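The block underneath contains the structure these notes are about, expressed in structure tokens.
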Amino acid sequence: MNETTPHAATKRGSFTGKIGFVLAAAGSAVGLGNIWRFPYLAAKYGGGIFLLVYILLSLTFGFSLMIAEIAIGRKTGKSPVSAFKSLDHRFAFLGYLAAAIPAIILPYYSVIGGWVTKYAFGFLLGEGGEMAKETYFGGFISQPFEPVLWFLLFVALTALVVLFGVQKGVEKVSKFMMPVLIMLMIFIVIYMLATTDGAGAGVAYYLKPDFSKFSVMTVVAAMGQLFYSMSLAMGIMITYGSYMKKEISIERSVHQIEIFDTGVAILAGLLIVPACYAFSGGDPAALGKGPSLMFGVLPQVFERMPGGGVIGFVFFVTVLLAALTSSISLMETVVSTLMDKFKWDRKLCCLAVLGVCLLLGLPSSLGYSAWSSFKVLGMQILDLFDFISNSIMMPLLALITCVFVGFVIKPSTVVEEIECSGKFGWRRLFTVTIRYVAPVFLLAILISSVLDAFGIVKI
Ligand code: PHE
């Protein structure tokens, strides 16, 4: 981003060009969601069938919502609260709701970021063999202090970048890091497939849809993951859209961001799911491990590779960088909303966000040790925050956004904005999705995830 060439009246930064926009948006989108969250959901919710549902949803819902958010941002040239307000003052609350979501995600995101930092350091210190042990990860997160320290380190790194507002740095890091991450992942996947007995069956589990494994929860989980992974339904794309120049095609950019984001997720799944399948002999308990899956499986893969210690280190460092570009975008959103609203300076807002982050992040970390017996609706604290943001707040916000675009400002407002830079190829798909398909679906999802969580209906 550079600080000049803003939109007409506002003094906003703008991305240097199309590549800058796509990379910055992809930098926010590609993160732990793709590498840590996607594989464990795919493993848990039936492998191939989850993948299929996810891809279908991303081409329809993901595409339409991202288009709508970026267009709203670019049209108004404002951050979420003011953007909704300027389009219709009754909907200003949507902006606040949107800003609350990253505030909930950031703390637990940073806890996981801390685990990644620990693993990167572990490999650096040559502890790869130690970390490959079955019980290592469980032992690590159940210590009361160490995970908290790594969490603090991760938050501090994020806050430092946000404090100095080094957007240029973020753009540069993303440009370099994305290709490294992708190449490294392809290499590790090929290596793992070639050297692990039984990986073939794991690949089949991951890629072949088995319709008997389909359930409503497959769709609920895939939808939640989609929002999370594409950084949707929390105002981030509105903010980024406001930095985008008029002559750049929103439609083409969205396709590219999706390819990036979904591509990295699929690759990460291909890396983790078959390996887990092979090591556990397809045991559903191992596949359903959840948040600990990546940390349990990958060190085992690295342990079998010659030079695995070095590869493990490089891998976790790139994951760490991917996580940082995302956590920075999370924190930046909250900070800029506070700055707009209260007119505080950046430092004070950073401090406030840091405080909230510590307050909410500590319990997420301690939820695996000192407070492990504390559960709400059968969920650990970290899972609970994840559930509230991804399964409740984001679908709710997405639902209201769809109604807002579909019936209040009308899809034509978005279409006009997209057509500033040429024809809108997927216009019909967009209009139908945003008006009819998405709201119905989102409502159904919202209801079913609530019923499921309260144990009223087991889906
Ligand atoms: N999309 C990021 C990921 O996949 C997470 C994130 C969510 C980042 C929301 C910013 C905003 O990890």
Side-chain angles (χ1 to χ4, degrees), residues 22-42 54 57-58 62 65-66 69-70 73 79-80 97-116 154-155 158 161-162 167 170 173-174 177-178 181-182 185 221-241 254 257-269 272 291 294 318-337 353 357 382 385-391 393-395 397-398 401:
V22 170
L23 280 176
S28 164
V30 175
L32 293 174
N34 309 59
I35 304 164
W36 155 76
R37 201 171 185 276
F38 182 88
Y40 86 68
L41 289 177
Y54 184 82
L57 289 179
S58 120
L65 266 171
M66 194 179 250
E69 289 197 19
I70 297 179
S79 61
L97 192 58
I101 296 176
I104 294 178
I105 294 184
L106 179 64
Y108 82 79
Y109 199 84
S110 305
V111 172
I112 319 282
W115 298 349
V116 173
F154 185 87
V155 180
T158 308
V161 178
V162 175
Q167 286 151 328
V170 175
V173 169
S174 308
M177 189 205 71
M178 292 286 170
L181 182 70
I182 291 175
M185 281 172 85
M223 191 71 130
Q225 172 61 15
L226 189 67
F227 294 135
Y228 189 88
S229 185
M230 291 177 70
S231 304
L232 291 174
M234 58 187 98
I236 291 191
M237 290 300 154
I238 298 184
T239 312
Y240 279 23
V254 169
I257 299 166
E258 278 200 302
I259 291 174
F260 242 125
D261 191 57
T262 311
V264 173
I266 292 177
L267 259 180
I272 294 169
M294 171 175 102
T318 31
V319 175
L320 176 61
L321 291 175
L324 273 173
T325 52
S326 299
S327 65
I328 290 164
S329 76
L330 283 165
M331 191 181 270
E332 176 69 33
T333 313
V334 190
V335 166
S336 67
T337 309
V353 175
C357 193
L382 190 147
F385 282 128
D386 188 84
F387 173 79
I388 294 176
S389 50
N390 289 280
S391 303
M393 291 178 74
M394 291 190 194
L397 186 69
T401 309

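Remember, it's 1-based here, ligands and their atoms both numbered in the order they're listed. Values in this document were obtained by computation on a predicted structure and should not be read as measured data.
Thr333 pairs by the side-chain hydrogen bond (donor to acceptor under 3.5 Å, both in side chains) definition with nothing, not counting sequence neighbours. Remark: Tyr108 engages Asp386, Asn390 in a side-chain hydrogen bond (donor to acceptor under 3.5 Å, both in side chains) (not counting sequence neighbours). Among residues two or more places apart in sequence or in another chain, the side-chain hydrogen bond (donor to acceptor under 3.5 Å, both in side chains) test is passed with Ser231 by Ser28.
In this structure, Glu69 contributes its side chain and Thr239 its backbone to no donor-acceptor pair below 3.5 Å. Side chain of Thr325 to backbone of Gly27: a donor-acceptor contact under 3.5 angstrom is found.
Ile259 contributes atom CD1, which lies 9.5 Å from atom OG of Ser58 (distance to the nearest 0.5 angstrom).
Sorted by chain then number, the residues whose non-hydrogen atoms approach ligand 1 to under 4.0 Å are Ser28, Ala29, Gly31, Leu32, Gly33, Asn34, Tyr109, Tyr228, Ser229, Ser231, Met234, Ile236, Ser326, Ser329, Leu330.
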